[in-house]
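Counting starts at 1 for both ligands and their atoms, following the listed order. Along the sequence shown, residues carry numbers from 1.
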Amino acid sequence: MLSARVGGLAPSATLAVDAKAKALRAQGVDVVGFGAGEPDFPTPPAIVEAAVAACRDPRMHRYTPTAGLPELRAAIAAKTARDSGLAVEASQVLVTNGGKHAVANAFATLLGPGDEALLPAPYWTSYPELVRLAGAEPVPVFAGEERGFKVGVDDLEAARTARTKLVVFVSPSNPTGAVYTEEEIAAIGAWAVEHGIWVVTDEIYEHLVYGGASFHSLPVVVPEAASRCVVLNGVAKTYAMTGWRVGWMIGPPEVVAAATNLQSQETSNVANVSQAAALAAVSGDLEAVATMRAAFDRRRRAMHAHLSAMPGVTCLEPEGAFYAFPCLEGLLGRPLDGPGGRVATTTAELAELALEEARVAFVPGEAFGAPGYGRFSYALADADLEEGMRRFAALAGRLAS
Ligand code: GLU
């Protein structure tokens, strides 16, 4: 009955875990959700007011250009130059229904049957599914905790074939929180240029780096890569706007033109009210994200300390985004409360056990090509974080005893 392409798709694990936690909470079950990465802050009032005004403007009640409101495309180009140093024309910007839609558009525009896309792993859960949906083959390139979850040119070169069309580059990384240095980015960018490989780089966490880490945009570090580079971004993480669904892709004019044709057939313009809100967001200052970053940094340190202290758990200190990605292998294969107790043999099973026994939701590493690990978002209130960590520590103690 179903097409092979869509029938074979897995549901988004991040959204599934989040939906499960939110549904349980709606039923009155007290669950601490470390699932979806979603700032717990409200969208700043000035952005909300811009949306309210847009609701009253008849121009916003009509179709607008598929690629985005002209003033928003121009503001995104200006914001990109301001924040990452990449100079682009407004015509190189396509406004999409959230960052995920930008990922889907980029893959659909660049990939087809016979192509391979290199995915540094652990990867965000939607990348491989969207590569497959485009008819191409995802090729994970894994680097574990001992490598700081960062791939190098040697890893990519070992995976490269005549069919390698593009590499997905993400820093700060979802799910690991790893941040590549400028030198590491320079090496990967130079390698892509040398082999004529496209780079799709997801910069959605550009403003969320901590401690000594700093964000660098690949086509800025390696300008020669820009003619074969697509940059993805959106307002969700920077302005606490996950539900508004506004993202964008920036790329060479012919790529953006083709992706705009695709979008004109599939979804038309992004909801104008959301675009008006995004316009207020990207034209304003970065004060709100500075406030959120300070809170996330505090929570990052707290979560890292809690996880590192748990028996059977090791955790690298995340440097960006808002996720910790501990190794949970020491909790697998161990009976809960001693002999005869319930056993989780995989992190997928451990996530179920944690939800049922400890009322804690996290996303198992299987969703990110990294069985044995788990993703815990620290974009939640301090008190919830403390309570969730207390519960998970108790569970770890019961498994490790
Ligand atoms: N970045 C969020 C996460 O990974 C988005 C959720 C999603 O769309 O999958 O949790």
*Asks:* Answer yes or no for Ser12: is there a heavy-atom contact with ligand 1 below 4.0 Å?
*Replies:* yes
*Asks:* Flag Thr125 as yes when one of its N or O atoms lies below 3.5 Å from any N or O atom of ligand 1, and as no otherwise.
*Replies:* no
*Asks:* Identify, for atom 9 (O) of ligand 1, the protein heavy atom at the shortest distance, and state residue, atom and that distance.
*Replies:* Thr14 OG1, 2.4 Å
*Asks:* Heavy atom to atom 5 (C) of ligand 1, shortest distance: which of Glu38, Lys100, Lys237 holds it?
*Replies:* Lys237
*Asks:* If you measure every N/O of Ser126 against every N/O of ligand 1, is any gap under 3.5 Å?
*Replies:* no
*Asks:* When the aromatic ring centroids of Phe376 and Phe392 are compared, is their separation below 6.0 Å?
*Replies:* yes
*Asks:* At under 4.0 Å between heavy atoms, is it the side chain or the backbone of Thr242 that contacts ligand 1, or both, or neither?
*Replies:* neither
*Asks:* Tell me whether ligand 1 is touched by Tyr205 - counting only heavy atoms on the residue side and a distance under 4.0 Å.
*Replies:* yes
*Asks:* Show your reasoning for whether ring pair (Phe, Tyr, Trp, His ring centres under 6.0 Å) applies to Phe142 and Phe368.
*Replies:* CA-CA 10 Å; Phe142 188 78; Phe368 310 103; over 10 Å; no
*Asks:* Name the one of Arg160, Arg147, Lys150 that satisfies salt bridge (Lys or Arg N to Asp or Glu O under 4.0 Å) with Asp155?
*Replies:* Arg147
*Asks:* Taking side chain to side chain donor-acceptor pair (under 3.5 Å) as the definition, give me every residue that meets it alongside Arg5, ordered by chain and number, with sequence neighbours left out.
*Replies:* none
*Asks:* Would you call the rings of Phe322 and Tyr378 parallel, tilted or perpendicular if under 30° counts as parallel and over 60° as perpendicular?
*Replies:* perpendicular
*Asks:* Decide whether an N or O pair under 3.5 Å exists between Gly37 and ligand 1.
*Replies:* yes
*Asks:* With sequence neighbours excluded, what pairs up with Glu129 under the side-chain contact (heavy atoms from CB on, under 4.5 Å) test?
*Replies:* Leu9, Ala10, Arg132
